[in-house]
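Hydrogens, waters and symmetry mates play no part in the numbers below; they use all other heavy atoms, side chains included.
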Amino acid sequence: NEAHYYLGNCFQYLFEYKNALIHYQQVETDSIKYPLLAFNLGIVNKVTGNYSEAQKCLQQFVQSVTERQKESYERWLLRANIELQGIGKAQHPPISPILDIEIDRLPPPVNSPQHDFAAIAYRTPQQLLLTSTRPESKGKVYNDQHGESFSDNFIFALDSGKWQDCTDTHHFSTINTTADEGPGSLSTDGLTYYFSRIEKGFYQLFVSEFRDGKWREPKLLPQPINFPGYTSKHPAISTSGDTLFFSSDQPGGFGEHDLWMSIREQGEWQLPINLGASVNTPFQETSPYWDSEKQSLIFASNGHPGWG
C-alpha cells in the first residue's frame with residue numbers, strides 16, 4: 001500500500017496522471033492511513049477524462065470527512081467540490097456554436113520532444129515566439145518536477161514553407177541566460193518584451209527593449225510589481241502598453257497565486273491592484289491575457305470549475 005501510494009504521489013507531481021492512476025488503484029481504498037487517497041483518485045481520473053469514476057471518488061472523499069475533521073480538511077473539501085462542479089459541466093456541456101476550426105501540430109523545430117509552450121506571434125503571423133525546455137536552452141540545471149533543462153525563449157519563422165529557428169538572427173539570445181526564463185508578452189509594436197526569470201530563488205518580471213536592431217539587456221521591473229521574497233510571473237501587456245497583468249503570490253491576495261495589474265502613469269508603474277474575488281480563488285490563477293477588443297480577461301485557474 002505505502003509504496004503504491006507514494007509512487008502515485010510522485011507520478012501525479014510529475015504530471016504523469018495515467019501512471020499515478022495505476023499506482024493509486026493498487027492501494028486499499030478503505031485504508032485510514034491514506035485519507036487523501038479518494039481525493040487524489042478523483043483528481044487523476046478527472047484529468048484523464050474518467051468523469052464518472054472521478055465523481056464517485058470525490059464524493060466518497062467528501063462523505064468520508066467527519067465533522068471533527070472538516071476544519072483540517074477544509075482546503076481539500078473546497079477543491080473537491082470545485083472539481084465536482086467541473087465534472088458536471090464536462091458531462092453536460094452548455095450548448096455553443098460549432099466552430100469550423102482545424103488544429104494541426106506544428107512540425108520540428110517548433111515542436112520538440114521537450115516542453116514547448118506559451119507560443120505567441122512575434123512580429124508577423126509567420127513568426128512565433130515560444131518558451132521551451134529543449135536541450136538548446138542555456139540553463140543546464142534540471143527542473144526537479146519534469147526533469148528537463150531550465151526553459152529559454154525561442155523565435156521561429158516560416159520561410160518557404162519551412163520553420164526555421166531564428167532566435168540568434170533576431171538577437172533574442174540576450175534574453176536567455178542560464179537561469180530559468182519563463183513565458184512573456186510582446187508590446188503591440190514588437191519593441192518591448194516582458195517576461196519572467198528566476199532571480200534570487202523567485203520568478204521576477206523583466207523587460208527588454210529593441211533598439212538599434214538588437215534586444216537590449218533586460219531590466220528588472222520595479223518593486224511595486226516584483227515584491228521581495230515572492231513570485232511574479234506570466235506577464236501580459238495591454239494593447240495600449242499602459243497596463244500590465246501578471247500572476248503573483250505576493251501578500252494581499254486570495255490564494256496561492258492571484259492575478260494582479262499595474263497601470264503605468266507618467267512612465268512609472270503604480271502599486272499593483274488585485275483583480276478581486278470574482279477572478280481570484282484560494283487556489284491558482286495564472287497565464288492572463290487581456291482581449292482589448294472584447295474587454296475580456298482570459299486566464300487559467302484550478303480554483304474555478306473546469307473540464308480538465
Exercise: identify the closest heavy-atom pair between S232 and S248: OG-OG, 3.6 Å
Flag, side chain of N111 to backbone of P107, donor-acceptor distance under 3.5 Å: no
Donor-acceptor pair between D291 and S296 side chains, under 3.5 angstrom: no
Y122 and H170 aromatic centres sub-6.0 Å: yes
Interatomic spacing from CD1 in I273 to CG in L259 - rounded to 0.5 Å: 13.5 Å
E74 atom CD, neighbour heavy-atom count above 12 within 6.0 Å: no
Residues clustering with F246 (ILVMFWY side chains joined when closer than 4.5 Å, directly or via others): Y194, L205, V207, L221, I225, I237, L244, W260, W269
E268 CD: over 12 foreign heavy atoms closer than 6.0 Å: no
H304 side-chain N/O to N280 backbone N/O, donor-acceptor pair under 3.5 Å: no
Side-chain donor-acceptor pair present, E181, T177, cut-off under 3.5 Å: yes
Donor-acceptor pair, side chain of T178 and main chain of K138, under 3.5 angstrom: no
Side-chain donor/acceptor of N302 to backbone N/O of Q284, under 3.5 Å: yes
Positive for ring pair (Phe, Tyr, Trp, His ring centres under 6.0 Å) with Y34, one of F61, Y5, F39: Y5
Interatomic distance, L78 atom CG to E83 atom CD [nearest 0.5 angstrom]: 10.0 Å
Point-to-point distance, once rounded to the nearest 0.5 Å, from CZ of F254 to CG of N274: 5.5 Å
Ring pair (Phe, Tyr, Trp, His ring centres under 6.0 Å) between F156 and W163, intermediate numbers included: CA-CA 6 Å; F156 298 90; W163 287 97; 7.5 Å; no
Cation over ring face, R134 and F154, 6.0 Å, 45°: yes
For S132 against L130, the heavy-atom pair lying closest together: CB-CD1, 3.9 Å
E209 with R216: basic N within carboxylate O range, under 4.0 Å: no
Exam field: side chain D258 to backbone G255, donor-acceptor pair closer than 3.5 Å: yes
L129-W215 co-clustered via ILVMFWY side chain contacts under 4.5 Å: yes
Residues forming a ring pair (Phe, Tyr, Trp, His ring centres under 6.0 Å) with F11, sequence neighbours excluded: H23
Donor on one side chain, acceptor on other, T66 and Q69, under 3.5 Å: yes
No-hydrogen, no-angle side-chain donor-acceptor test under 3.5 Å, Y24 and N9: yes
Verify same cluster id: L128, L191 (apolar side-chain graph, 4.5 Å): no
Distance-only polar pair, side chains of S301 and E285, donor-acceptor under 3.5 Å: yes
Distance-only donor-acceptor check, side chains E16 and N19, under 3.5 Å: yes
Sidechain-backbone polar pair: S151 side chain, T133 backbone, donor-acceptor under 3.5 Å: no
Cluster link F206 to M261, ILVMFWY, side chain under 4.5 Å: no
Contact summary for P305 and K89, nearest pair of heavy atoms: O-NZ, 4.0 Å
More than 12 heavy atoms of other groups within 6.0 Å of R68 CZ: no
Interatomic spacing from CD in E67 to CD in E71 - rounded to 0.5 Å: 11.5 Å
Pair S137-S149, side-chain donor/acceptor within less than 3.5 Å: no
Whether over 12 other heavy atoms sit under 6.0 Å from K214 NZ: no
Donor-acceptor under 3.5 Å (Q59 side chain, K56 main chain): no
Nearest-0.5 Å distance that lies between atom NZ in K219 and atom OG in S208: 9.5 Å
C57: which of I43, N40, L41 passes side chain to side chain contact (heavy atoms under 4.5 Å, CB included): L41
Derivation and outcome, salt bridge (charged side-chain N to carboxylate O under 4.0 Å, His left out), residues D180 and R197: CA-CA 6 Å; D180 198 13; R197 173 190 290 167; over 6 Å; no
Under 3.5 Å: donor-acceptor pair, side chain of R264, backbone of G241: yes
Minimum heavy-atom distance T286-S247, with the two atoms named: CG2-OG, 3.8 Å
Aromatic ring pairing F195/Y193, orientation class (parallel under 30°, perpendicular over 60°, tilted between): parallel
Shared hydrophobic cluster, I175 / I120 (ILVMFWY, side-chain heavy atoms < 4.5 Å): yes
Donor-acceptor contact present, side-chain K233 to main-chain Y203, <3.5 Å: no
Nearest heavy atoms of G86 and K46, plus distance in Å: C-CE, 4.2 Å
salt_bridge(K33, E2) N-O dist < 4.0 Å: yes
CZ on F210 to OG1 on T174, rounded to 0.5 Å: 9.5 Å
Co-membership, hydrophobic cluster, residues Y73 and F283, 4.5 Å side-chain: no
Sidechain-backbone polar pair: K200 side chain, P228 backbone, donor-acceptor under 3.5 Å: no
